[in-house]
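As the structure lists them, so they are numbered: ligands from 1, and atoms in each ligand from 1.
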Amino acid sequence: MKKAFITGVTGQDGSYLAELLLSKGYEVHSILRRSSVFTSARIDHLMRHPHFFTYHGDLTDSSNLHTLLAKIQPHEVYNLGAQSHVAVSFEVPEYTAEVDAVGTIRLLNAIKDAKIRTRFYQASTSELYGGIPATAPQSEKTPFHPKSPYGAAKLYAYWATVNYREAYGLYACNGILFNHESPRRGETFVTKKITKAAARIKQGRQPDLTLGNLNAQRDWGYAKEYVEAMWLMLQQETPTDYVVATGKVFSVRQFVEMAFEEAGLQIEWRGSGADEIGVNKRTGEILVKIDPKYYRPAEVDFLCGDPSLISKNLGWSARTNLRQLVKIMVQYDLHHDSYGAEG
Ligand code: NAP
Ligand code: G4F
């Protein structure tokens, strides 16, 4: 039986990946951070699975990582743990670097020092491309230009992964994943914030929704499909870094329109800049407002990935388009209040 070790298992991707690996017959070992409240909502349905194991652990604790890896001897390690919120990284830049950058090298070094024969997946990100002009979709060959402490920390982790591959012959690779969403997406990321608000406004449980930059453009895919790409990357003969994306781009504004439409509300935009509002086309009621507190010190305006390499080499491509994804998320939010196995 193959053994996998996952950091970040309580997050969106970690929970889907754990489900995928268990369905493939893996034994799944994972770390949970100690917290004063329960953080396991996304994996509660797996807790009784005979092949699913959790341990207290943290990417800031080298000895903990070393001890666990030496004991478990996993065949595959998936490093998904991170302070993953771009806006928050401007407020806690040092902590973000500690977890996202140094945390990755702690894990790589624990693998090297404990002499574990394993394969390593690093959760790299399209934020690495941050400030690249929107001339063409971004591929594995596009130069990096991070625009946040999060992006800078992930850049270090990207190169640390490449370095341990080149220096020590470790089977290590980066998945450069573009934004991917689902009903399990954290509630402060823009898509989930919008789909949850659209559902609650429709149900009369929330008056309106306040957002930041409506003009940012993203390449949004379905998280459940993106964890399949992570697994595929670790099943090859040679480790290779891949962009994982849909190749299609939409604005936050378009996402709002689609989500409210799915909830049965049509949005009409009025005004501009921070004074722009989205009103209910039928009643004129204000449903969407702007608050500049959600603007970032530096914004990533445009992210669109070129998934040709992963499609050609691994046969992976996104199956769910944005309208279908919005439907999945809004319908979930209309019928559920929290994360769960159904999401
Ligand atoms: P997420 O939902 O925010 O989950 C992050 C996970 O990291 C949670 O399990 C969290 O634990 C854990 N974590 C945070 N700090 C930690 C620490 N000090 N030690 C150990 N674990 C820690 O993120 P996600 O959307 O699933 O993303 C997974 C990974 O992919 C992240 O590395 C993210 O940066 C990267 N990524 C995401 C996207 C995307 O669009 N979703 C795109 C590209 C790359 P708690 O539950 O205890 O907070
Ligand atoms: O949903 P977001 O917070 O995601 P962002 O910044 O693109 O980062 C996510 O994707 C990355 C991959 O590209 C991951 F590496 C990262 O871990 C994370 O998962 O914001 C998307 C866009 C931004 O341009 C932001 O300025 O939406 C804009 N936005 C507008 N109003 C907002 C809001 N973002 C948030 N979170 N909240 C708002 O109210």
Distance to 0.1 Å, residue and atom name: give those for the protein heavy atom nearest to atom 37 (N) of ligand 2.
Thr188 O, 4.0 Å

His180, portion touching ligand 1 at heavy-atom distance under 4.0 Å:
both

Between Phe255 and Trp220, ring centroids under 6.0 Å
yes

Would you indicate whether the side-chain heavy atoms of Leu314 and Gln235 approach each other to under 4.5 Å?
no

Starting from atom 31 (N) of ligand 2, which protein heavy atom do you reach first, and at what distance in Å?
Gly212 N, 2.8 Å

Closest non-hydrogen atom pair between Val243 and Glu140, with its separation:
N-OE2, 2.8 Å

State whether Tyr168 and Lys112 meet the cation-pi test: NZ (Lys) or CZ (Arg) under 6.0 Å from the six-membered ring centroid, and within 45° of the perpendicular axis.
yes

Hey, do the aromatic rings of Tyr129 and Phe144 have their centres closer than 6.0 Å?
yes

Using distance alone, determine whether Leu59 and ligand 1 share an N or O pair under 3.5 Å.
yes

Hydrophobic cluster membership, Leu59 vs Tyr121, 4.5 Å side-chain cutoff:
no

For ligand 2, the portion of Phe189 having any non-hydrogen atom under 4.0 Å away
both

Is the closest heavy atom of Asp58 to ligand 1 under 4.0 Å?
yes

Side chain, backbone, both or neither: His85 near ligand 1, heavy atoms under 4.0 Å:
neither

Nearest non-hydrogen atom to atom 21 (N) of ligand 1 belongs to which of Ser40, Ala223, Gly81?
Gly81

Which of the ligand 2 atoms, numbered from 1, are nearer than 4.0 Å to a heavy atom of His85
36 (N)

Top protein contact for atom 30 (C) of ligand 2, by heavy-atom distance
Asn213 O, 3.3 Å

Could you tell me, atom by atom, which parts of ligand 2 come under 4.0 Å of a heavy atom of Ala216?
24 (O)

Non-hydrogen atom of Arg185 closer than 4.0 Å to ligand 2:
yes

Roughly how far, to the nearest 0.5 Å, is NE2 of His49 from CD1 of Ile43?
13.0 Å

Counting each atom of ligand 2 from 1 as listed, which ones have a heavy atom of Thr125 under 4.0 Å away?
11 (C), 12 (C), 13 (O), 14 (C), 15 (F)

Run the contact test for Tyr150 against ligand 2 with a 4.0 Å cut-off on heavy atoms, strictly below, and give the result.
yes

Tell me, with the steps shown, if Asn64 and Tyr55 meet side-chain hydrogen bond (donor to acceptor under 3.5 Å, both in side chains).
CA-CA 10 Å; Asn64 163 265; Tyr55 314 85; over 6 Å; no

Residue, atom name and distance, where the atom is the protein heavy atom closest to atom 26 (O) of ligand 2:
Glu299 OE2, 2.6 Å

pair Ile290-Asp275: side-chain heavy atoms closer than 4.5 Å
no

Nearest protein heavy atom to atom 2 (P) of ligand 2, by residue and atom, and its distance?
Arg296 NH2, 3.7 Å

Is ligand 1 under 4.0 Å from a heavy atom in the side chain of Arg185, in the backbone, in both, or in neither?
side chain

Location of contacts on Val190 toward ligand 2, heavy atoms closer than 4.0 Å
both

Find the distance between CZ (Arg200) and CD (Gln206) and round it off to the nearest 0.5 Å.
5.0 Å

Is the ring pair Tyr332/His336 parallel, tilted or perpendicular, if the boundaries are 30 and 60 degrees?
parallel

Run the numbers for me: atoms of ligand 1, each under 4.0 Å from some heavy atom of Gly11, listed by number.
2 (O), 4 (O), 8 (C), 9 (O), 26 (O)

Side chain, backbone, both or neither: which part of Ser124 comes within less than 4.0 Å of ligand 1 when only heavy atoms are counted?
backbone

Are Arg218 and Phe178 in a cation-pi setup, meaning NZ or CZ lies under 6.0 angstrom from the ring centre and within 45 degrees of the ring axis?
no

Out of Tyr16, Tyr78, Phe38, Tyr150, the nearest non-hydrogen contact to atom 36 (N) of ligand 1 is supplied by Tyr150

Hey, does Tyr294 come in under 3.5 Å of ligand 2, counting only N/O atoms on both sides?
no

Can you name the atoms of ligand 2, numbered from 1 with element, that are less than 4.0 Å from a heavy atom of Leu303?
13 (O)

Between Val288 and the options Ile267, Ile277, Asp208, the side chain to side chain contact (heavy atoms under 4.5 Å, CB included) test singles out Ile267

Nearest non-hydrogen protein atom, atom 38 (C) of ligand 2:
Lys193 NZ, 3.8 Å

Do the non-hydrogen side-chain atoms of Lys196 and Glu187 ever get within less than 4.5 Å of each other?
yes

With heavy-atom distances below 4.0 Å as the criterion, list the atoms of ligand 2 near Ser126.
12 (C), 13 (O)

Should the pair Arg42 and Tyr339 be classed as cation-pi, given the thresholds of under 6.0 Å to the six-membered ring centre and 45° from the axis?
yes

For ligand 2, is there an atom lying under 4.0 Å from some heavy atom of Lys154?
no

Atom 5 (P) of ligand 2: nearest protein contact (heavy atom, Å):
Asn179 ND2, 3.8 Å

Members sharing Phe90's hydrophobic cluster (side chains within less than 4.5 Å)
Val86, Tyr150

Proximal ligand 2 atoms for Val86, defined as those under 4.0 Å from one of its heavy atoms
6 (O), 8 (O)

Under 4.0 Å from a heavy atom of Ala123: give me the atoms of ligand 1 that qualify, with their elements.
29 (C), 30 (O), 32 (O), 35 (C)

At a non-hydrogen distance cut-off of under 4.0 Å, which region of Val99 contacts ligand 1 (side chain, backbone, both, or neither)?
side chain

Contact between Lys154 and ligand 1, counting heavy atoms under 4.0 Å?
yes

